[in-house]
Amino acid sequence: MRSFKEKVILAVGQIPKGRVASYGQIAAICGNIRAARQVGAILKSVQDLGSLPWWRVLNSQGNISIKGNFSATKSLQKILLEEEGVEVTANFSIEMEKYRWKKK
DNA sequence: GAACTGACTTGAT
DNA sequence: AATCAAGCCAGTT
């Protein structure tokens, strides 16, 4: 039985470049939208910056919701998204309807 | 194995 | 629009 954690990692890995998904969306793909919190917790613990596009995951409002407003991680996420062509406003908000990932 | 934790979401103030 | 409160549940301790 594959753990929820593994499913999350796989799902996040499927997000194409230049698109974003919400924690809830990832959780839904993994079988349980209510486990959205775990998605964040997992991304935090994985620390696999090279192979896992964790920065393409945002909250349902289309915002970066990392704990702590001025954390280096939060700033990094903004930069990484912009590198892919996703517009991120100064207050870390994103146009979800425009960039939301639609799984085939 | 019980208790604690939280990078979420939603609905009510 | 901005805050608050309460569900929810896998991972961690």
Nearest-Å distance for atom pair [atom1]/[atom2], residues [X] and [N]:
| X | N | atom1 | atom2 | result |
| --- | --- | --- | --- | --- |
| A/L81 | B/dA7 | CG | C1' | 13 Å |
| A/I33 | B/dG11 | CD1 | P | 11 Å |
| A/I26 | B/dT9 | CD1 | C1' | 15 Å |
| A/Q61 | B/dC8 | CD | P | 11 Å |
| A/K74 | B/dA7 | NZ | C1' | 10 Å |
| A/F92 | B/dA7 | CZ | P | 16 Å |

Determine: side-chain N/O of A/T73 to OP1/OP2 of B/dA7, distance under 4.0 Å, yes or no.
no
Side-chain N or O of A/S65 less than 4.0 angstrom from OP1 or OP2 on B/dC8?
yes
Look only at the side chain of A/Q77 and the backbone of A/S65, and say whether a donor-acceptor pair between them is shorter than 3.5 Å.
no
Looking only at non-hydrogen atoms, find the nearest pair between A/W101 and A/A21 and report the distance.
CE3-CB, 4.0 Å
Non-hydrogen atoms of A/A11 and A/I29 that approach each other most closely
CB-CG2, 4.1 Å
Each nucleotide in nucleotides 8-13 of chain C should get exactly one letter: B, S or -. Can you fill that in based on protein heavy atoms under 4.0 Å?
BBBSS-
In this structure, NZ of A/K102 is separated from CD of A/Q25 (nearest 0.5 Å) by 9.5 Å
Just how far is it from atom NZ of A/K5 to atom SG of A/C30, taken to the nearest 0.5 Å?
13.0 Å
Go through the side-chain N and O atoms of A/N91 and A/T89 and say whether any donor and acceptor fall under 3.5 Å apart.
yes
